[in-house]
Q: 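My questions all concern the structure below.
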Amino acid sequence: MINFFDPSFKKFSAPILIKLYYGLSVGLLALFWLVLLIRAFDDGFLSGFLVLILGPVVAFFLLIATRISCEWILATIQVSQNTAKLVDLMGGTSAPLAGAAAPGGASGRRGAGQTPSRQPAPMPPEQ
């Protein structure tokens with residue numbers, strides 16, 4: 001719960017809340033199907049039978065979609081956390097600065113297996 005009051009956003013709240021969201025989604029989906037089943041049988045046997053047969057199939061696909069979206073959110077957060085760890089391990093910058101030394105060092109020597117960079121040919125002057 002302390003994550004909700006953290007203005008620096010160093011820790012994510014979604015991994016905690018996603019479990020609650022998924023549990024509520026499963027419960028509400030089951031409740032919705034049960035209410036729909038009762039109302040369908042009130043309308044007639046055929047509509048009740050269709051909801052009884054097709055309802056779990058539809059509910060299953062909705063549950064799969066909910067699960068995939070929850071996993072997608074968690075995977076995105078995990079990628080963000082791992083990227084932050086990599087940035088910390090690399091010294092605290094996320095991208096090389098402009099004008100940084102080229103591969104092979106400042107002297108311009110290439111290491112084993114490196115190929116020279118190709119520069120585009122100069123354009124002829126216009127007449």
Side-chain angles (χ1 to χ4, degrees):
M1 288 304 234
I2 197 72
N3 295 346
F4 297 120
F5 303 108
D6 179 24
S8 65
F9 290 93
K10 293 289 182 188
K11 294 194 98 185
F12 291 97
S13 299
I16 297 165
L17 292 175
I18 206 86
K19 295 173 189 175
L20 178 66
Y21 171 77
Y22 185 70
L24 285 174
S25 297
V26 170
L28 288 175
L29 192 59
L31 183 66
F32 178 73
W33 176 72
L34 186 62
V35 168
L36 190 64
L37 182 65
I38 291 170
R39 294 196 67 192
F41 270 117
D42 281 344
D43 286 342
F45 178 76
L46 184 60
S47 62
F49 184 73
L50 285 175
V51 170
L52 183 66
I53 299 300
L54 296 178
V57 175
V58 173
F60 179 71
F61 283 112
L62 288 173
L63 189 63
I64 288 173
T66 303
R67 178 69 186 212
I68 288 172
S69 62
C70 289
E71 288 179 3
W72 183 22
I73 291 168
L74 287 176
T76 303
I77 291 170
Q78 199 169 28
V79 167
S80 174
Q81 289 173 338
N82 290 340
T83 302
K85 288 177 187 175
L86 285 174
V87 167
D88 288 341
L89 287 173
M90 293 182 69
T93 59
S94 59
L97 300 174
S107 65
R109 292 181 289 162
R110 290 184 298 279
Q114 291 182 341
T115 58
S117 62
R118 296 194 175 184
Q119 304 255 340
M123 298 289 292
E126 293 183 19
Q127 295 182 13

Q: Angle between ring planes, F49 versus F45, binned at 30° and 60°: parallel, tilted or perpendicular?
A: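 Answer is parallel, since the angle falls under 30°.
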Q: Measure the OG1-CG distance between T83 and D88 for me, rounded to the nearest 0.5 Å.
A: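 With rounding to 0.5 Å, OG1 (T83) is 11.0 Å from CG (D88).
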Q: Rounded to the nearest 0.5 Å, what's the gap from OG on S69 to CD1 on I64? Could you check?
A: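 Answer for the OG-CD1 pair, S69 versus I64, is 12.0 Å.
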Q: Rounded to the nearest 0.5 Å, what separation is found between the CD atom of E71 and the OH atom of Y22?
A: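 If I round to the nearest 0.5 Å, the distance is 8.5 Å.
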Q: Report the distance from atom CD1 of I38 to atom CH2 of W33, rounding to the nearest 0.5 Å.
A: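 Between atom CD1 of I38 and atom CH2 of W33 there are 9.5 Å.
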Q: Of all the heavy-atom pairs spanning V57 and I53, show the shortest one and how long it is.
A: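 That closest heavy-atom pairing would be CG2-O, 3.9 Å.
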Q: Between V51 and L37, what is the shortest heavy-atom contact and its length?
A: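 Reported closest heavy-atom pair: CG1-CA, 3.7 Å.
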Q: Side-chain heavy atoms under 4.5 angstrom apart, residues restricted to Ile, Leu, Val, Met, Phe, Trp, Tyr: same cluster for V26 and V58?
A: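 Cluster IDs for V26 and V58 match.
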Q: I need the L29 CG to L24 CG distance, nearest 0.5 Å.
A: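 Between atom CG of L29 and atom CG of L24 there are 12.0 Å.
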Q: At what distance, to the nearest 0.5 angstrom, does CZ of R39 lie from OG of S47?
A: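 The OG atom of S47 is 11.0 Å from CZ of R39, to the nearest 0.5 Å.
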Q: Checking T66 side chain against L62 main chain: does a donor-acceptor pair fall under 3.5 Å?
A: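 Confirmed, T66 side chain pairs with L62 backbone.
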Q: Do you know the tightest heavy-atom contact between Y21 and C70?
A: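 Shortest heavy-atom separation between Y21 and C70 comes out as CD2-SG, 3.6 Å.
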Q: Where do P15 and L74 come nearest, in terms of heavy atoms and distance?
A: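 Scanning both residues completely, I find the closest heavy atoms to be CA-CD2, 3.6 Å.
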